[in-house]
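Here's the structure, in structure tokens; my notes come after.
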Amino acid sequence: MPELIQRLQSGSREAMRELYDRHIRYLTAVAQRYVKDEDVRDVLQESFIKIFGSIDRFEYRGEGSLRAWMARIVANEAISHLRTQGPQQVPLGWEVQAEEDPPTEDVPIEVIHSMIRELPDGYRTVFNLYVFEEYSHREIAQQLGIAEKSSASQLHRAKAILAKKINEYKQKNR
């Protein structure tokens with residue numbers, strides 16, 4: 001087991017600071033995939049409380065396992081935060097027809113991430129859980145308290161919206 005994890009599990013405040021400094025940017029990006037910018041700080045604060053409070057139960061499984069474990073905590077905390085906001089409403093005008101997935105190689109990754117953040121909360125949450133966290137529709141449905149069909153439908157609509165936004169971006173930036 002890496003030395004940092006051992007120091008964390010022994011309660012070292014310096015190790016906690018080191019872990020925070022090493023991973024805050026990545027975990028901020030994870031939180032931003034789910035919640036609005038004004039809620040990211042709250043999600044991260046609750047996440048780090050859980051990370052430090054349960055580090056003794058973390059099982060090292062090789063390089064990257066700590067980061068993946070922390071990302072899952074942040075994603076789960078973001079989902080819990082969204083649940084406290086009540087049912088996610090989809091604004092009028094967001095219904096679009098599905099298109100083929102457009103090629104994204106000409107679109108900067110920051111632009112794509114921005115487009116994802118602009119999705120309505122419910123669509124964005126399902127999209128992120130499915131694409132980034134690799135949850136099944138059954139797992140998403142359980143996490144969010146929705147039907148599996150709703151998860152699949154929201155993913156389909158999120159992809160359609162993103163396809164439209166990507167195509168518009170490409171048209172503007174030829």
Side-chain angles (χ1 to χ4, degrees), residues 1-85 88 101 103-146 148 151-152 154-155 158-159 162 166:
M1 181 178 329
E3 174 261 339
L4 175 61
I5 295 171
Q6 290 175 339
R7 290 180 22 233
L8 285 165
Q9 291 179 337
S10 70
S12 165
R13 291 224 177 256
E14 293 82 19
M16 289 178 186
R17 184 68 196 180
E18 186 178 335
L19 179 82
Y20 178 89
D21 290 342
R22 277 190 197 176
H23 298 283
I24 188 61
R25 289 182 61 160
Y26 173 74
L27 296 176
T28 298
V30 171
Q32 287 175 325
R33 289 196 310 241
Y34 296 94
V35 298
K36 295 178 177 86
D37 287 340
E38 61 266 17
D39 297 327
V40 168
R41 177 178 261 162
D42 292 339
V43 167
L44 288 172
Q45 181 176 345
E46 291 300 317
S47 297
F48 273 103
I49 289 169
K50 288 182 179 174
I51 289 166
F52 294 138
S54 60
I55 192 71
D56 58 323
R57 294 188 301 272
F58 169 72
E59 292 181 31
Y60 181 75
R61 296 186 178 164
E63 182 112 12
S65 62
L66 178 61
R67 180 177 258 201
W69 178 75
M70 291 188 304
R72 186 148 237 166
I73 289 173
V74 171
N76 287 337
E77 189 58 37
I79 292 165
S80 293
H81 179 81
L82 288 172
R83 273 196 213 117
T84 67
Q85 308 298 306
Q88 303 302 314
D101 290 346
T104 59
E105 61 272 354
D106 298 339
V107 183
I109 193 71
E110 307 84 50
V111 172
I112 293 172
H113 284 270
S114 176
M115 291 174 184
I116 293 169
R117 281 193 299 274
E118 292 171 0
L119 290 170
D121 290 347
Y123 292 178
R124 184 180 62 245
T125 302
V126 169
F127 180 85
N128 285 316
L129 288 171
Y130 189 85
V131 173
F132 294 109
E133 309 302 330
E134 300 179 349
Y135 279 33
S136 69
H137 287 298
R138 173 173 281 159
E139 292 169 317
I140 293 169
Q142 289 171 344
Q143 279 282 350
L144 301 180
I146 61 175
E148 281 183 59
S151 175
Q154 289 186 33
L155 175 64
K159 285 182 170 185
L162 289 172
I166 289 166

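Every heavy atom of this structure was used, including side-chain atoms; hydrogens, water molecules and symmetry mates were not. Along the sequence shown, residues are numbered consecutively beginning with 1. Since this is a predicted model, take the numbers as computed values, not measurements.
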Treating [X] as the side-chain partner and [Y] as the backbone partner, does any N or O pair qualify as donor plus acceptor under 3.5 Å?
X    : Y    : value
Q9   : Q6   : no
R124 : R33  : yes
E133 : N128 : no

From [atom1] ([X]) to [atom2] ([Y]), nearest 0.5 Å:
X    : Y    : atom1 : atom2 : answer
I55  : S12  : CD1   : OG    : 11.5 Å
S114 : L119 : OG    : CG    : 10.0 Å
I140 : T125 : CD1   : OG1   : 10.0 Å

Take S151 and E148 through the side chain to side chain contact (heavy atoms under 4.5 Å, CB included) test and state the conclusion after the steps. CA-CA 5 Å; S151 175; E148 281 183 59; 5.5 Å; no
Counting C-beta onward and ignoring hydrogens, is there a side-chain heavy-atom pair between I116 and V131 closer than 4.5 Å? no
Residue pair L8 / F58, side-chain heavy-atom distance below 4.5 Å: no
Scan for side chain to side chain donor-acceptor pair (under 3.5 Å) pairs involving residues 38-54, sequence neighbours excluded, and state none if there are none. D39-H81, K50-E77
Under the criterion side chain to side chain contact (heavy atoms under 4.5 Å, CB included), I'd like the reasoning laid out for I79 against L129: C-alpha separation, chi angles, the key distance, then a yes or no. CA-CA 10 Å; I79 292 165; L129 288 171; 3.4 Å; yes
Audit row: L144, Y135, side chain to side chain contact (heavy atoms under 4.5 Å, CB included) steps and yes/no: CA-CA 12 Å; L144 301 180; Y135 279 33; over 6 Å; no
Which pairs pass ring pair (Phe, Tyr, Trp, His ring centres under 6.0 Å) with one or both residues in residues 13-49, sequence neighbours excluded? Y20-F48, F48-F52
Just jot down the salt bridge (charged side-chain N to carboxylate O under 4.0 Å, His left out) partners of R61, sequence neighbours excluded, or say none. E59
Sequence neighbours left out, what pairs pass salt bridge (Lys or Arg N to Asp or Glu O under 4.0 Å) with at least one residue falling in residues 5-18? E3-R7, R7-E18, R17-D21, E18-R22
Here the salt bridge (Lys or Arg N to Asp or Glu O under 4.0 Å) pairs for residues 108-117, sequence neighbours left out, are none
Using the test ring pair (Phe, Tyr, Trp, His ring centres under 6.0 Å), find all partners of H137 that sit at least two apart in sequence or belong to another chain. Y130
Between L44 and the options I49, L27, V35, I51, the side-chain contact (heavy atoms from CB on, under 4.5 Å) test singles out L27
For the student: nearest non-hydrogen atoms of A31 and V43, plus distance: CB-CG1, 4.2 Å
